[in-house]
2 protein chains.
Amino acid sequence: MTEHSLWRFSRALHRAINERQLKDLTNLIDDNVEWAVYGPIDMFPFLGARRGKPAVMEVCKQVADNVRVHRFERESVLLGLDSGASIMRFSLTALDSNRPISLRLAQFAQFRAGILTSMRVVIDTFDLVEQALGHPLHLPRIA
Amino acid sequence: MTEHSLWRFSRALHRAINERQLKDLTNLIDDNVEWAVYGPIDMFPFLGARRGKPAVMEVCKQVADNVRVHRFERESVLLGLDSGASIMRFSLTALDSNRPISLRLAQFAQFRAGILTSMRVVIDTFDLVEQALGHPLHLPRIA
């Protein structure tokens, strides 16, 4: 049984971010890949939408410049033939501030012949912002 | 071909929220359902974790008291035999303020014999908070 494309891609992405070994990742990304990580791009310029392999490789390098991944846990996983989705919880360090950050996100990946053609990521961004700032933001109660 | 459990559940949830018709939803939720919608519960008390059918029905009523859904779009969908995940974009009105809110979230649902046993939802919460407040929050640039 062949390894699912999502696991191979996740390992390559992890290596790119933590070890700056980009070769495996480059080989697993389609030239016309669509990439969207929703979040406040004013604070985190490496979030947002990208199109095409060069733009996605560049943004992965920016992520590598900003975070180190210590641990991750898959809380939910759903695998299709050429696609995979998971909810993940990451333990990171923000390299500029040396702050520990615990990040929850959902990723949806689409592959063609093992190569990533689309990635969409939804992040619990308010929690991320508070941790990156290092203090809670005051919020009124709505309900 | 039978309709996927996710579609039946989504329709019942939509009816519960917009029309306060709770019966279909009640019949599709397991007595011991696990439910987690990650987000700032100080601002939105109907977010957070719940366990068991009565708690989940109660929280769905609270959502119905606070929002009206106008439109939704599924941006990504992945269906398993007894599970389903999707990235969705909702157009809502926050009923207390009458503010329009555009919300992106990822949901992961697990079913047993068509009945919901687990739901996890990751929301782009910073975007939600800014819209609910009605103004942007100033953020420093991190990277």
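Chain naming here is simple, since letters A, B, ... match the order of the sequence lines and numbering starts at 1 in each. On a predicted model such as this, the values are computed, not experimentally measured, just so you know.
Contact count against chain A (heavy-atom pairs under 4.5 Å) is highest for B/Ser86 among B/Ser86, B/Pro136, B/Ala94. With chain B as the partner, the residue from A/Arg104, A/Gln107, A/Arg120, A/Glu75 showing the most heavy-atom pairs under 4.5 Å is A/Arg104. When A/Asp65, A/Ile87, A/Asp42 are compared by the number of non-hydrogen pairs under 4.5 Å with chain B, A/Ile87 comes out ahead. Between chain A and the residues B/Ala85, B/Gly84, B/Ala132, the largest count of heavy-atom pairs under 4.5 Å involves B/Ala85.
B/Met88 and A/Tyr38 fall into different hydrophobic clusters, where Ile, Leu, Val, Met, Phe, Trp and Tyr are joined by side-chain heavy atoms under 4.5 Å apart, directly or via other members.
Considering every non-hydrogen atom in both B/Phe108 and A/Ala106, the closest pair reads CE1-CB, 3.9 Å. The nearest pair of heavy atoms linking A/Pro140 to B/Leu133 is CD-CD2, 3.4 Å.
Heavy-atom neighbours of chain A within the stretch residues 121-131 of chain B, taken at a separation under 4.5 angstrom, comprise B/Val122, B/Ile123, B/Asp124, B/Thr125, B/Phe126, B/Asp127, B/Val129.
Taking CG of A/Leu78 as the reference point, atom CG of B/Leu81 lies at 10.5 Å (rounded to 0.5 Å). Considering CE of A/Met119 and OG of B/Ser76, their distance stands at 10.5 Å, rounded to 0.5 Å. Taking CZ of A/Arg141 as the start and CG of B/Asp96 as the end, the distance is 12.0 Å to the nearest 0.5 Å.
Proximity to chain B (any heavy atom under 4.5 Å) is shown, for A/Leu95, by neither the backbone nor the side chain. Neither the backbone nor the side chain of A/Ser118 comes within less than 4.5 Å of any heavy atom of chain B.
For A/Arg112, the CZ atom is loosely surrounded, since the number of other residues' heavy atoms within 6.0 Å does not exceed 12.
For B/His70, the ring-ring contact (aromatic ring centres under 6.0 Å, His included) test picks out no residue, with sequence neighbours left out.
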